[in-house]
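Written below as structure tokens is the structure these notes are about.
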Amino acid sequence: YVYGKGMKGNADAGDFSITDDVFTKIGDNLQIQSSRATVNIKNSKAVFIKGITAKKNKINIRGDKLEVVYTKDGGVKDIGVEGNVRLNVEKKLALCDNAIIKGSSTEIVLTGKPELHMNGDIMVGEKIVFNTDNDEVFVERVKADVAQKGYKK
């Protein structure tokens, strides 16, 4: 279901847009609020724009644009977030231009000037992949030193 104000659409194409105060819940664990949204029910894709706040399990999500590809039965395949991305996962903070949150796993991929703040460390690289369930992090082309408790690694 999707709630909001000001809906227009094209039933033949499967395109619908909501122009104000959007709220939706997709599957059991994804809630999204935004200013506007477009949904294509034939392609199982929804795009949320402006003022985005979302929550998937223990991940709090903010960004300029959020795209969800969902399954016919209402499950989430992937979530793409673009522009001024800010993800909070327990004690981890991720900042970047683009993030992909895998729908069926706990993996998050950060690109576009990604930073991951975790346990007092700040990791910066070209691409960062981390798991929300543990402290496993992969950083491609590290661009900064990582310090923990005042000691350089």
Side-chain angles (χ1 to χ4, degrees), residues 2 4 14-71 74-153:
V2 178
D15 289 322
F16 296 91
S17 63
I18 300 161
T19 58
D20 202 16
D21 293 335
V22 178
F23 174 81
T24 189
K25 187 173 182 183
I26 300 172
D28 293 333
N29 59 5
L30 177 61
Q31 294 181 25
I32 305 166
Q33 288 181 288
S34 69
S35 294
R36 296 187 315 249
T38 58
V39 179
N40 185 292
I41 58 174
K42 289 187 176 183
N43 294 335
S44 301
K45 185 191 298 187
V47 178
F48 301 86
I49 303 164
K50 195 174 177 190
I52 295 164
T53 58
K55 184 168 179 70
K56 180 186 184 281
N57 295 330
K58 56 188 170 184
I59 308 167
N60 292 307
I61 306 164
R62 291 188 183 272
D64 296 335
K65 179 181 174 185
L66 185 144
E67 182 174 298
V68 179
V69 178
Y70 55 92
T71 62
V76 176
K77 285 186 181 178
D78 285 325
I79 302 167
V81 190
E82 295 178 20
N84 300 304
V85 178
R86 182 180 185 96
L87 307 174
N88 290 90
V89 185
E90 295 174 341
K91 295 182 180 181
K92 299 175 185 117
L93 169 64
L95 306 169
C96 62
D97 293 332
N98 302 290
I100 300 291
I101 302 164
K102 302 292 183 179
S104 60
S105 75
T106 57
E107 181 181 280
I108 298 177
V109 179
L110 311 172
T111 57
K113 299 180 239 158
E115 286 182 22
L116 181 62
H117 300 245
M118 184 174 87
N119 301 325
D121 292 340
I122 300 173
M123 290 164 253
V124 179
E126 190 172 298
K127 177 180 177 183
I128 299 174
V129 180
F130 73 99
N131 188 307
T132 60
D133 287 342
N134 58 41
D135 289 341
E136 190 172 87
V137 178
F138 299 96
V139 182
E140 287 184 16
R141 295 196 176 122
V142 175
K143 295 183 179 180
D145 289 333
V146 177
Q148 184 176 23
K149 299 180 183 166
Y151 297 103
K152 293 279 184 184
K153 291 184 177 179

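For this chain, numbers begin at 1 and follow the sequence in order. As the structure is a computational prediction, the values presented were derived from the model and not from experiment.
- The only member of Leu116, Leu93, Leu110, Leu95 that meets side chain to side chain contact (heavy atoms under 4.5 Å, CB included) when paired with Leu87 is Leu110.
- Residue Leu66 comes nearest to Ala54 through the heavy atom pair CD1-CB, 4.0 Å, listed as atom of the first residue, atom of the second, then distance.
- Two residues are said to be in side-chain contact when any heavy atoms from C-beta on lie closer than 4.5 Å; Leu30 and Tyr70 fail this criterion.
- The shortest side-chain heavy-atom distance between Gln31 and Phe23 falls under the 4.5 Å cut-off.
- Between the CD1 atom of Ile49 and the OG atom of Ser34 there is a distance of 8.0 Å, given to the nearest 0.5 Å.
- Residues Cys96 and Pro114 come closest through the heavy atom pair CB-CA, 3.7 Å.
- Counting all heavy atoms, side chain and backbone alike, Val109 lies closest to Glu107 at CG2-OE2, 3.9 Å.
- Between Asn84 and Arg62 there is no side-chain heavy-atom pair separated by less than 4.5 Å.
- In this structure the side chain of Glu82 never reaches within 4.5 angstrom of the side chain of Asp64, judged on heavy atoms.
- In terms of heavy atoms, Thr111 sits closest to Lys127 at CG2-CG, 4.0 Å.
- Across Thr71, Val68, Ile79, a single residue satisfies side chain to side chain contact (heavy atoms under 4.5 Å, CB included) together with Ile26, and that is Val68.
- Side chains of Ile18 and Thr24 form no contact here, defined as non-hydrogen atoms less than 4.5 Å apart.
- Within 6.0 Å of atom NZ in Lys102, 12 or fewer heavy atoms from other residues, nucleotides or ligands are found, so the atom counts as exposed in its surroundings.
- The main-chain N or O of Glu136 is found under 3.5 Å from a side-chain atom of Asn134 such that the two form a donor-acceptor pair.
- Interatomic distance, CD1 of Ile52 versus CZ of Arg86, reported as 15.0 Å (0.5 Å rounding).
- Minimum heavy-atom separation, Val81 to Gly63: CG1-CA, 4.0 Å.
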Please table the atom pairs, donor to acceptor, closer than 3.5 Å between any side-chain atom in residues 37-47 and protein atoms at least two apart or in another chain.
| from | atom 1 | to | atom 2 | distance (Å) |
| --- | --- | --- | --- | --- |
| Asn40 | OD1 | Lys42 | N | 2.9 |
| Asn40 | OD1 | Asn43 | N | 2.7 |
| Asn40 | ND2 | Ala13 | O | 3.4 |
| Asn40 | ND2 | Asp15 | OD1 | 2.5 |
| Lys42 | NZ | Asp12 | O | 2.3 |
| Ser44 | OG | Lys72 | NZ | 3.3 |

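- Residues Asp133 and Lys58 form a side-chain contact, since some pair of their non-hydrogen atoms from C-beta on lies under 4.5 Å apart.
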